[in-house]
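Please read the structure below before turning to the comments.
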Amino acid sequence: MSAVGKQIKEYNRTLSERQKVRGGALLIAVGTLLITLLVFTGLPTALQVLIGLMSVALIVAGTLSLGTSGITGRAV
């Protein structure tokens with residue numbers, strides 16, 4: 001595993017379940033608001049692509065945050 005992956009894993013362990021859920025929900029909400037912004041504004045194409053990519057990245061990060069929340073070390 002890379003050094004960045006190890007740092008993310010350690011940081012993930014320090015967060016509580018509540019922090020992961022709230023953070024994930026916030027990231028998904030911000031990503032959704034950015035996509036809504038694209039619908040109602042007439043921005044240049046390059047800026048639309050940048051905002052679209054950023055919003056997708058935020059939604060994916062929020063989904064991963066929600067997915068990693070919960071009891072760890074439990075057999076599935």
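In what follows, residues are counted from 1 in the order of the sequence shown. Fair warning: this is a prediction, and the values are worked out from it, not measured in the lab.
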Please report, to 0.1 Å, the donor-acceptor pairs under 3.5 Å made by any side chain of residues 21-30, with sequence neighbours excluded.
none

Original post:
Quick one: salt bridge (charged side-chain N to carboxylate O under 4.0 Å, His left out) partners of Arg18, sequence neighbours excluded?
Top reply: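 So Arg18 forms no salt bridge (charged side-chain N to carboxylate O under 4.0 Å, His left out) with any residue.
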
Could you list the donor-acceptor pairs under 3.5 angstrom formed by side chains in residues 36-57, with sequence neighbours left out?
from  : atom 1 : to    : atom 2 : distance (Å)
Thr36 : OG1    : Thr32 : O      : 2.9
Thr41 : OG1    : Leu37 : O      : 2.7
Gln48 : NE2    : Leu43 : O      : 3.3
Ser55 : OG     : Ile51 : O      : 3.1
Ser55 : OG     : Gly52 : O      : 2.8

So that I can tick it off, tell me whether Glu10 and Arg13 are bridged by a salt bridge, with the cut-off set at under 4.0 angstrom between side-chain N and carboxylate O.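 Result for this pair is yes, salt bridge flagged.
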
ask   = Other than Ile59, which residues form its hydrophobic cluster under the rule that side-chain heavy atoms must be closer than 4.5 Å?
value =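 Direct or chained contacts put Ile59 with Ile35.
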
